[in-house]
Structures are given as structure tokens and as C-alpha cells.
Amino acid sequence: MRFVEPNRHEVTEKTVPINRLKTPLRVLHLSDFHASPSVSLESIEKAIDRSLELRPDIAFITGDFITHELSEETEYQRILEKLASRAPTFACIGNHDGGKWAATAGGYRSFEKVNALLDRSGIRLLFNEAAQVKVHDQTITIVGLGDLWSDDTQPSGVLQRKRTNDETIFVLSHNPDSKSLLKPYDWDLLCCGHTHGGQLVVPFLGYRPFLPVRDKSFPEGLLDWGDRYIHVTRGIGNLHGLRFNCRPEISVLNVV
Ligand SMILES: [Fe+2]
């Protein structure tokens, strides 16, 4: 639980048939690095090195870069740069990265420090913001939202009820419970983390005693949500150094 499973990254590949892209996209979805005394930068680097072998076209990181505070910033930057220098990398903020919720849990009052680290590493943090990027001769839109537990999820300024062009829209939002706020808007794939898959899963029963979400019916995986998709990855790191029957996950989404 403490020494083996947290470092045994599992690569998963899923096909997301949104049927809108001209050329398929290989999306790397990582989340919840949780750099801390429980999760070493070495294990995060191992996950990034393995991810790069999978040759993604683009990478999304859905928050919780740290658990409480940043340390070894230069080393963390070097590791994050490895990813951003190989694939355009976009991120959203997690509840642990700083903000109203983090301040109540021994973390930073704002996500300024994490934002600065990402900026120096070449990762674009989107906070209730949209970005457009050209991959394989097609332009896609990526929307990153603020964190739900810090009351910072504000989709109204960046998403529309009906899109005005035919670009594919990816949404990055740390907490999958934010889907209820996103329901009225027009998008194709929502990428989330936060659950860690529960971290501990009781064998055979599948019971997950630690699942910090309201909707406990969807702890991980790809969900066909009407005419769009939601993907929740188990993430790379953990809280308290433990994982059981719930390996850290490197997710590749083949979006077609
Ligand atoms: Fe997390």
C-alpha cells in the first residue's frame, strides 16, 4: 500500500468517439501529482518519462500539483518542462493548489505560486479561460476552469450554450462534480481528476471508502454523458502515501 502500489503507474488507453475531429488526437491526461513528503518528485518524473514514451499530441493536467506547499521548485520545474517541451500542455487548478479551500486545509490562500511554477515550466494554466491551439492542422479549443470547492468554477464567461464554430471543445475541471454546472453549455470532452479513483478499493466488492465527491457513482473512467464524454483519471500521486487496488494512472485518450 505504501511502498509498491503508489509507484506502479498503469497506462490506460481509451477511445473517445466525439466524431468531430478531422484528424484523430492522442491526448495525454494526467492529474493530481500531489508533490509532497508522501509523493516524491522522482515518482512524478517517472510518470512523465513513461507518458512521453506514449507520444501524445497534446497533454492536459487537471490540477493538484501539490498537496500543501511547493518545495524543490527548480527540480519540479525541470521535470514539468520535460513534458511541456514535447507536447503543448494545458492545466487547470485543483483544490490543493491554492485558493479558498486550500487556505482552510493548510495550503496557500492563492494559486499564485503554482501558477508561476507552471508558467516557468511552459505549461499554460487556464483559470476560467479558453485557449486555442493548432494540432495536426486543426484548431481546437481548451477551456480550463477554477476549482469547485473554492467556489471558483465559472463557466459562463468562457463557454457558450451553443458553439459558434465547429471547433472541438475540451474542458479541464479538477472536480467531476462540476459537471452539474457545465450541463447547460456546449462542449465535447470534460477531463477531471480529484477522486484519485478512491485510492483504496476493497477487492471484489469494489467499495471505495474515501471518495471526496457528491456523485459517488462515477469514481473513474470514461462516461458517455448524452452527446458528450467525461473522463476521470485516477491521477499520479496520492494523499497520505497510500494506494490499494487502485494504481496511479497515466491516461491516453484517443479522441476520434
Ligand atoms: Fe487530488
Contacts satisfying side-chain hydrogen bond (donor to acceptor under 3.5 Å, both in side chains) that involve residues 142-160 (not counting sequence neighbours) are Lys100-Asp151
Taking atom [atom1] of [X] as the centre, report whether more than 12 heavy atoms of other residues, nucleotides or ligands fall under 6.0 Å from it.
{"X": "His136", "atom1": "NE2", "result": "yes"}
{"X": "Gln132", "atom1": "CD", "result": "yes"}
{"X": "Asp137", "atom1": "CG", "result": "no"}

Determine whether the side chains of [X] and [Y] contain a donor N or O and an acceptor N or O closer than 3.5 Å.
{"X": "His29", "Y": "Thr62", "answer": "yes"}
{"X": "Asn238", "Y": "His196", "answer": "no"}
{"X": "Thr67", "Y": "His34", "answer": "yes"}

Spell out, as yes or no, whether a donor-acceptor pair under 3.5 Å connects the side chain of [X] to the backbone of [Y].
{"X": "Gln138", "Y": "Lys22", "result": "yes"}
{"X": "Arg26", "Y": "Leu54", "result": "yes"}
{"X": "Lys216", "Y": "Leu211", "result": "yes"}
{"X": "Ser43", "Y": "Val39", "result": "no"}
{"X": "Asp188", "Y": "Ile169", "result": "yes"}
{"X": "Tyr108", "Y": "Val114", "result": "no"}
{"X": "Asp215", "Y": "Asp177", "result": "no"}
{"X": "Tyr185", "Y": "Val158", "result": "no"}
{"X": "Asn128", "Y": "Leu145", "result": "no"}
{"X": "Asp32", "Y": "Asp64", "result": "no"}

Distance col, row Ser251:OG vs Leu222:CG, nearest 0.5 angstrom, shows 10.0 Å
Rounded to the nearest 0.5 Å, the OG atom of Ser31 sits from the NE2 atom of His174 at a distance of 6.0 Å
Flag side-chain contact, heavy atom, 4.5 Å: [X] against [Y]:
{"X": "Val171", "Y": "Arg228", "value": "no"}
{"X": "Asp97", "Y": "Ile66", "value": "yes"}
{"X": "Leu182", "Y": "Trp187", "value": "yes"}
{"X": "Leu239", "Y": "Phe210", "value": "no"}
{"X": "Cys191", "Y": "Leu172", "value": "yes"}
{"X": "Phe170", "Y": "Val255", "value": "yes"}

Basic-acidic side-chain contact under 4.0 Å: [X], [Y]:
{"X": "Lys14", "Y": "Glu249", "result": "yes"}
{"X": "Asp49", "Y": "Lys82", "result": "yes"}
{"X": "Arg78", "Y": "Glu72", "result": "no"}

Transitively linked via ILVMFWY side-chain contacts under 4.5 Å: Ile140 with Leu28? no
* Asked: Do you reckon Phe60 sits in the same ILVMFWY cluster as Leu125, going by side-chain contacts under 4.5 Å, direct or chained?
  -> no
Given the options Thr168, Thr141, Asp186, Arg163 meets side-chain hydrogen bond (donor to acceptor under 3.5 Å, both in side chains) only with Asp186
From the list Leu83, Thr233, Ile236, side-chain contact (heavy atoms from CB on, under 4.5 Å) with Ile61 holds only for Leu83
- [ ] Start with the C-alpha distance between Glu129 and Arg124, add both sets of side-chain angles, then the distance that settles salt bridge (charged side-chain N to carboxylate O under 4.0 Å, His left out), and finish with yes or no.
- [x] CA-CA 10 Å; Glu129 258 179 289; Arg124 172 95 190 268; 3.3 Å; yes
Determine the minimum heavy-atom distance between [X] and [Y], stating which atoms define it.
{"X": "Leu70", "Y": "Lys113", "result": "CD1-O, 3.7 Å"}
{"X": "Cys246", "Y": "Arg234", "result": "SG-CD, 3.6 Å"}
{"X": "Thr195", "Y": "Val213", "result": "CG2-CG1, 4.0 Å"}
{"X": "Gly198", "Y": "Arg208", "result": "CA-CB, 4.4 Å"}
{"X": "Leu118", "Y": "Ala91", "result": "CD1-CB, 4.3 Å"}
{"X": "Phe90", "Y": "Ile123", "result": "C-CG2, 4.4 Å"}

Ring center gap for Phe111 and Phe127 short of 6.0 angstrom:
yes
Practice item. Measure the acute angle between the ring planes of Tyr76 and Phe33, then classify it against the limits of 30° and 60° as parallel, tilted or perpendicular. Key: tilted
(Q) Checking Glu73 against Gln77 for the side chain to side chain donor-acceptor pair (under 3.5 Å) test, could you report, in this order, the C-alpha distance in whole Å, the side-chain angles of both residues, the deciding distance, and whether it holds? (A) CA-CA 6 Å; Glu73 286 188 45; Gln77 180 185 330; over 6 Å; no
